[in-house]
Amino acid sequence: MPAVPPWLPPLLNTAFFTICRTHGDAARSECNMFCLDCHRDAFCFYCRSSKHKDHRVIQIRRSSYHDVVRVTEIQKVLDVGGVQTYVINSARVLFLNERPQPKAGKGVAHLCEICGRSLLDPFRFCSLGCKLAGVMRNGNASFSMEGKNNELMMMEREREEGISSSRSASSRNRVEEAQQQQQQKQRQEDGHLRGGLQQDSYTPTPSPPPNSNARRRKGIPHRAPVKS
C-alpha cells in the first residue's frame, strides 16, 4: 500500500472557516488552522497559541469559496509534485479537493487523471484530493518526501557546482583582463618613450648661406671731370 501521511485524509475531510466555539467573539475566530500532529478538527488563531504552540500547523486559505494551501507551507511536509498550482494574491497555492466543473470541451491539452478537470499546465492532478485518489488507485505517484529530498539535494549540488564553475570562469576573466590592461599600458609607455626619443634626437643646424658680397669684384673707379 502506498505510504500516505496519517494526517492527509483528515485534512481533506475537515470543514474550515467555521466560527470557533471558544473564541467566537474575537476578531480572528475563524477556524482556518490544522495541526499535522493532532490531525483533528480545525481551530482558530487563538487556539493555536494555547493548544498547538509547538506543533506542526498549516494555515488554510480560500479562493472562490474553495480551500487552498500555500505551496511554501505544504511542500515542507508533503511531496506535491504533479498537482496543478495557481498564483493567488502573489502567492502560489494548490487546492485541497477537486472542484465541480462542466465537462471539458474539445481541444483541452491537459486534464486531471482522476476527475477530468482541465488544467492550465501539464500536471497530473487538479488537487491534493485527486492525487491521493491516484496514489491509492494506481500507485504510480507518491507523497513521500524521500525522493523529493534526494532531488532537492541533487539540485543544490548542481547549483553549487554551477556557482563554483562560474567563480572559476570569473577568476580567469579577471586575470585575462588584468593581463590585457598591463599589455595596453606597456604599449602606451613604449609609444611615449619612442616619441621622446624622436624629440630628443639631434638635428644638425643648417649652415647659413654664403655671403654674395664677399667675392664681388670692385669696378673701375671713375674720376669726376675737371672743370676748365
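Below, each value reflects all heavy atoms present in this structure, side chains not excepted, and no hydrogens, waters or symmetry copies.
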Checklist entry - Between L119 and C126, does a side chain to side chain contact (heavy atoms under 4.5 Å, CB included) hold up when you go through it step by step? => result CA-CA 7 Å; L119 304 177; C126 69; 3.7 Å; yes
Next on the checklist: Given the ring of Y46, does R48 sit roughly above its face, with NZ or CZ under 6.0 Å from the centre of the six-membered ring and within 45° of the axis?
Outcome noted: no
Checklist entry - If you draw a 6.0 Å radius around CZ in R99, do more than 12 non-hydrogen atoms from other residues or ligands fall strictly inside? => result yes
Checklist entry - Within the distance-only criterion (no hydrogens, no angle test), does the side chain of D37 pair as donor or acceptor with the backbone N or O of R56 below 3.5 angstrom? => result yes
Item to check | Any donor-acceptor pair under 3.5 Å from S63 side chain to H66 backbone | outcome: no
Checklist entry - Looking only at atom types and distance, does a side-chain atom of T14 sit under 3.5 Å from a main-chain N or O of P10, one as donor and one as acceptor? => result yes
Checklist outcome for this item: Distance col, row M33:CE vs C20:SG, nearest 0.5 angstrom, shows 11.5 Å
Item to check | Short side-chain to backbone donor-acceptor contact, E73 and Q59, under 3.5 Å | outcome: yes
Next on the checklist: Please determine whether residues V68 and L12 belong to a single hydrophobic cluster, defined as Ile, Leu, Val, Met, Phe, Trp and Tyr linked transitively by side-chain heavy-atom distances below 4.5 Å.
Outcome noted: no
Checklist entry - Checking side chain to side chain contact (heavy atoms under 4.5 Å, CB included) for the pair R61/V93: CA distance, chi angles, key distance, verdict? => result CA-CA 9 Å; R61 294 169 169 82; V93 302; 5.7 Å; no
Checklist entry - If you measure from CD1 on I60 to CD on E30, what distance do you get to the nearest 0.5 Å? => result 13.0 Å
Next on the checklist: Counting only heavy atoms not in N89 (residues, nucleotides, ligands), do more than 12 fall under 6.0 Å from its CG?
Outcome noted: no
Checklist entry - How close do E98 and C130 get, heavy atom to heavy atom, and via which atoms? => result CB-SG, 3.7 Å
Checklist entry - Atom SG of C44 and atom CZ of F17: how far apart are they, to the nearest 0.5 Å? => result 12.5 Å
Checklist entry - In the single-linkage hydrophobic clustering (I, L, V, M, F, W, Y; side-chain heavy atoms under 4.5 Å), do L11 and L94 co-cluster? => result yes
Next on the checklist: So W7 and V77, do their side chains get closer than 4.5 Å, heavy atoms only?
Outcome noted: yes
Checklist entry - Honestly curious: do Y86 and I58 fall in one hydrophobic cluster under the side-chain, below-4.5 Å linking rule? => result no
Next on the checklist: With heavy-atom distances below 4.5 Å as the criterion, would you say the side chains of H55 and C38 are in contact?
Outcome noted: yes
Item to check | Spacing of I114 atom CD1 and R124 atom CZ [to the nearest 0.5 Å] | outcome: 8.5 Å
Checklist entry - Which heavy atom in P9 sits nearest to a heavy atom in L132, and how many Å separate them? => result CG-CD2, 4.5 Å
Item to check | Heavy-atom closest pair, residues R70 and A91 | outcome: NE-CB, 3.7 Å
Next on the checklist: If you apply the rule side chain to side chain contact (heavy atoms under 4.5 Å, CB included), what do you find for L8 with L78, and how did you get there?
Outcome noted: CA-CA 9 Å; L8 182 57; L78 193 71; 4.2 Å; yes
Next on the checklist: For G81, is there any backbone N or O sitting under 3.5 Å from a side-chain donor or acceptor partner on K131?
Outcome noted: yes
Checklist entry - Between CG of N32 and CG of D67, what distance do you get to the nearest 0.5 Å? => result 10.0 Å
Checklist entry - Cluster question for you: counting only ILVMFWY and a side-chain heavy-atom cut-off of under 4.5 Å, with indirect links fine, are V80 and L96 together? => result yes
Checklist entry - Are there more than 12 heavy atoms of other residues, nucleotides or ligands under 6.0 Å from atom CG of D41? => result no
Next on the checklist: Within this structure, what is the CZ-SG distance for the pair R28 and C47, rounded to the nearest 0.5 Å?
Outcome noted: 12.5 Å
Next on the checklist: Between L111 and S118, does the side chain to side chain contact (heavy atoms under 4.5 Å, CB included) criterion hold? Intermediate values first, please.
Outcome noted: CA-CA 5 Å; L111 297 174; S118 59; 4.2 Å; yes
Item to check | Side-chain heavy atoms of V57 within contact of L36, under 4.5 Å | outcome: no
Checklist entry - With under 30° as parallel and over 60° as perpendicular, where do the rings of F16 and F34 fit, or are they tilted in between? => result perpendicular
Checklist entry - Taking all non-hydrogen atoms of both residues, which atom of I74 and which atom of L128 are closest, and how far apart? => result CG1-CD1, 4.4 Å
Checklist entry - For the residue pair H110 and F123, is the inter-centroid distance of their aromatic rings smaller than 6.0 Å? => result no
Checklist entry - Hey, is CZ on R62 packed in by over 12 heavy atoms from elsewhere, all under 6.0 Å? => result yes
Checklist entry - Judged by atom type as modelled, is there a donor-acceptor pair below 3.5 Å linking the side chain of Q84 to the main-chain atoms of L120? => result yes
